Each structure stands twice: as C-alpha cells, then as structure tokens.
There are 2 protein chains.
Amino acid sequence: MPYTYTYPRPALTVDAVVFGFDEGALKILLIQRAHPPFEGRWAFPGGFVHVDETLDQAVRRELEEETGASRIYLEQLYSFGALDRDPRERVVSVAYYALVRLSDYRIRAATDARAARWFPAAHTPRLAFDHAEILKVARGRLRGKVRYQPVGFELLPEKFTLTEIQHLYEAVLESELDKRNFRRKLLAMGLLAELNEYQTGVRHRAARLYRFDRRRYQELTRRGFDFEL
Amino acid sequence: MPYTYTYPRPALTVDAVVFGFDEGALKILLIQRAHPPFEGRWAFPGGFVHVDETLDQAVRRELEEETGASRIYLEQLYSFGALDRDPRERVVSVAYYALVRLSDYRIRAATDARAARWFPAAHTPRLAFDHAEILKVARGRLRGKVRYQPVGFELLPEKFTLTEIQHLYEAVLESELDKRNFRRKLLAMGLLAELNEYQTGVRHRAARLYRFDRRRYQELTRRGFDFEL
DNA sequence: CCAAAAGTGTTTCACGTACACCCATGC
DNA sequence: GCATGGGTGTACGTGAAACACTTTTGG
C-alpha cells in the first residue's frame, strides 16, 4: 500500500551507539551489514522510524530486535542530516547512545543472522555511512556526561569494586586517575553502599564490593546535590 | 507532482529558538500563527526540511525567510518526536537554538505579514505545539553552554561593558553574581581586549568598553585552554 | 615467600567566595 | 551637590592534586 505526499520527504531513521564496558575497555556494539550499500561493513544497530512510534520507541524496538536487549539507559545524541550520508536516498538519522551492563547478558546476534559483535570503542573496523562521525560525537558526549551525572554505573554490574569503576572512568575519560583521590571523592558523595561482600576467584587480596545507591542519589538530587567527578 | 513511498513517512521540520539579549533580559523571538492549528498562538520560526538541504541549511533558510537574519550562531538542540505534537499529522522536528545580536539589527516581520515579536524568555504567551517544552530544553541548554563556552558574546554588541556581560550571565543563569569576582575571573582568562573607548549617553560615570578577542580564544583553545565561568 | 592488587593520610597550593568603600560623571 | 553606577583588594576556607608504603591473599 503506497503512501503519497505533495512534497518529497526525507526518510527518517534512528541509530544507536551501544556502549559496554568489559576487560577494562570501553566497547561498542556493531552489526555487520548483509546487503548493499556498505555490504560487509560494520554499522550501528538502527532502522526506520515508523509513523506510529516515537523516536525513543523506535530505538528501543530496533535494539530489542537486533540485540535482545531491553531496559537499557538511552539518551538522544544528535540528528545527522548530511545530504549524502546514505547513497540510496535522503536519510535523516536521529542518533542515540545506550549504556548496557555487558556483564548481565551476552548480546545475541539478530534473528536474520547478521553478525553482531563488540569492538573496542577506540579500535573499530571501518564503519558504514557516517557512523565514524556519529561514534566520535557519542564518545565525546559520554565523556562529558560521565563527569556530572552518575551514568557510569549503568555500564557496571550491580556489585563492583572501586578499582573497576576507576578503570571505567579512565576508559571513558581517556586519562589516568589517582587512586586515592578518586576513591576519596567518590566515597565522599555518599552514593555507594558498602557491601559485606568481596571479590572471588582473584589470586590476590579480594576487593570489597559496592553498590550504587539509586534512592540515595534521588534523595540528594532533590536537595540540590550535584554529582561531579 | 506527488511523491510516493512504500511506507508512510513522518514529516520532518526544523524549529529555532532564537535568543536575544536586551534591556538586561533574555528574549526570544516568536511568530504569531496566521492559520490553524493554533491560529493566533505564538510559535518558534520553523518549517519543513526540503529533501535537497541539510538540517542546518533548513534552519538558516527559515530564519532568513521569517526574520531576515543571517550569519547567526546556531546549534542543534534536540529532536522532538512525540506522536501528537502536531494534531494534523505525524511531524518530527529537529529543534535548534540561535543567538543573535539584538543590537545589530532589528528583526523584521516575515513577508507574509505574520507578526514577529520579541518576548522575555521568562514570560512568553502560551505557545503552539510542544514549543513550551522546546523552550524549556533550550533555556537549560543555554544555561549549561554559557558556562563552558564563550557563547554569551554572540548575544552582545561588538563592544560592551563588563556590567553588560555580567547582566547577561545573570539573565541566562537566573542567579546573581558578585561583581568583583565576576570581573576578576573573566579578565583573568585574557579573552577580552580592553578598548580605549567608553560608554556614551549615560548620566553617570561612563564604563570602559571591551571586545571579545576571538583570535586569542582560538589560540588558547589550541593550547588546551578551557573556558569556564 | 612471592606476586599482585587492596587499602589508606597528609601536605600543599590554587581558587572560589564573601565582603565595602571611594571615584567619576551628568544633571 | 547629589544620584548613579564604575571600579577596585583582601582574608578565609574548601577542595584539588601530588605522593608511597603496608596489608592481604592465593598460588
């Protein structure tokens, strides 16, 4: 059933830069394209926005379809509208970035058998479309965000060690941090609940586990508290 | 000549929140709608994105058409995609915000005789569509931006006094600032060129005029300098 | 006992913040 | 001469940054 308009319309898509954190490095989820254009190249999960769904709904649908992931942190990034970003026709894409707990579940490949894989954010294969630019914007945004909003925890397992979160910050900020200063400042905010549990399976002294205290954060935020690291 | 697609497509528009600064207050430019829906209500300048123009080009074209303003500071804000934001059909809008030197030129009404007027950003009439929400996002973004990027100068005349820029910051941040501390910090950055010119036409001691030194800013930025107020 | 990472305090310095009075000018 | 805003300096306290050694555990 065709749809007709008085003036030509750009196609509208959404794309998602999905970040994960694993083995001390920031990762992103890519899907290998099975068809032209850019056949064989890697690209972000994404697709067309249906007329009866919001932009957010469109991204969540695509992520669910292509990765099986739901209930993830999602934020709109930027809309890309260069004329030649898709060689087939005019396509405007609203890009999002997502943060997932890589530890919680392994991303499964989509049903249509396209390969889905995690790559280090710093070393990806050549990307399709303008996705290299989108990635750059996404990394910059995450770098900014992580400093004044407690979004880093979205990338960590429920229980984590202070060293793990420090490594996460170092990966996102692309700089080394001082262990003592980092811990002092983080703990001083009072957002971490100290657990009576410790790492297991390590061949050195086991580190204490912590949990991010969401309620406490909301409480403090209501009182005008500003997260800042 | 009609255009036909296999699947229905949302319409794509751009809208611009145009900020100005005058009489010590932050202003925004609104246009009174001449036709339904929301006939008579005020709204941001904006319109459909043509298939052969980028998003930025679309905003600039609309601003030029509706206000006569070109060469203004422009930045993409957010894309709004709620299902019912336009009662006629599904419309996704990419919102921008713009900063103009209200002092440089008076905005003229559009050729089609719709009224264009400046309103205090804090006290607007009821807005059409979801423009009240867009305005809220725009003000928040400007508030954040102004603290770590020297965009405030886009709103001021070429030559300005320290008190003027302080009032601008107070209007944007919605808080009072200490005169001595503000001046010290601003001058310490070395981004202002002190002119040997003074205010005229005031009935008190005339204040010295300054100019924002763009070259200096670019030079410092290249060396890793971070603007912060 | 060795390797590996956990955990812990103090000093220094820069910067943010609070605060009040005299000066220059136009009318 | 008076009203109006312009212009200026200091003291204090907080927080960022730099920095090294002991402890615990598993193998």
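Computed from a predicted structure; not experimentally measured. Just so it is clear: chains get the letters A, B, ... in the order the sequence lines come, proteins before strands, and each one is counted from 1.
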*Is the shortest side-chain N/O distance from T163(B) to OP1 or OP2 of dG6(D) below 4.0 Å?*
yes
*Indicate yes or no: at least one non-hydrogen side-chain atom of Q166(B) is less than 4.5 angstrom from one of D178(B).*
no
_If the condition is side-chain contact (heavy atoms from CB on, under 4.5 Å), which residues does R203(B) pass it with, not counting sequence neighbours?_
none
*Rounded off to whole Å, could you give me the CZ-to-C1' distance for the F182(B) and dT8(D) pair?*
16 Å
_Ring geometry between Y97(B) and Y73(B) (parallel below 30°, tilted from 30 to 60°, perpendicular above 60°)_ = tilted
*Would you call the rings of F225(B) and Y217(B) parallel, tilted or perpendicular, where under 30° means parallel and over 60° means perpendicular?*
perpendicular
_Partners passing side-chain contact (heavy atoms from CB on, under 4.5 Å) against A95(B) (at least two apart in sequence or in another chain)_ = L77(B), F80(B), I134(B)
*Within residues 196-212 of chain B: residues closer than 4.0 Å to DNA chain C (heavy atoms)*: V202(B), R203(B), H204(B), R205(B)
*Could you list the residues that satisfy side-chain contact (heavy atoms from CB on, under 4.5 Å) with L229(B), not counting sequence neighbours?*
Y169(B), F182(B), K185(B), L186(B), M189(B), F227(B)
*Spacing between E164(B) atom CD and dG5(D) atom C1', to the nearest angstrom*: 13 Å
*Send over the distance from K179(B) NZ to dA18(C) P, rounded to a whole Å.*
17 Å
*With respect to the phosphate group of dT8(C), does any side-chain polar atom (N or O) of R183(A) fall under 4.0 Å of OP1 or OP2?*
no
*Report, as a single string ordered 5' to 3', how protein heavy atoms within less than 4.0 Å touch nucleotides 9-17 of chain C: B base, S sugar-phosphate only, - not at all.*
BB-----SB
_Beyond-backbone contact of V146(A) with L168(A), side-chain heavy atoms, under 4.5 angstrom_ = no
*asked:* What is the distance, to the nearest angstrom, from the CG atom on L186(A) to the C1' atom on dG15(D)?
replied: 16 Å
_Spacing between L177(A) atom CG and dA16(D) atom P, to the nearest angstrom_ = 13 Å
*Integer-rounded Å distance: dA6(C) C1' and Q166(A) CD*: 12 Å
*Check each of R215(A), R222(A), R216(A) against E219(A) using the salt bridge (charged side-chain N to carboxylate O under 4.0 Å, His left out) test, and report the only one that passes.*
R222(A)
*What integer distance in Å separates L162(A):CG from dA6(C):P?*
9 Å
For residues 120-130 of chain B, please give each side-chain donor-acceptor pair under 3.5 Å, one per line with the distance, not counting sequence neighbours.
unit_1	atom_1	unit_2	atom_2	d
D130(B)	OD1	R85(B)	NE	3.4
D130(B)	OD1	R85(B)	NH2	3.1
D130(B)	OD2	R85(B)	NE	2.7

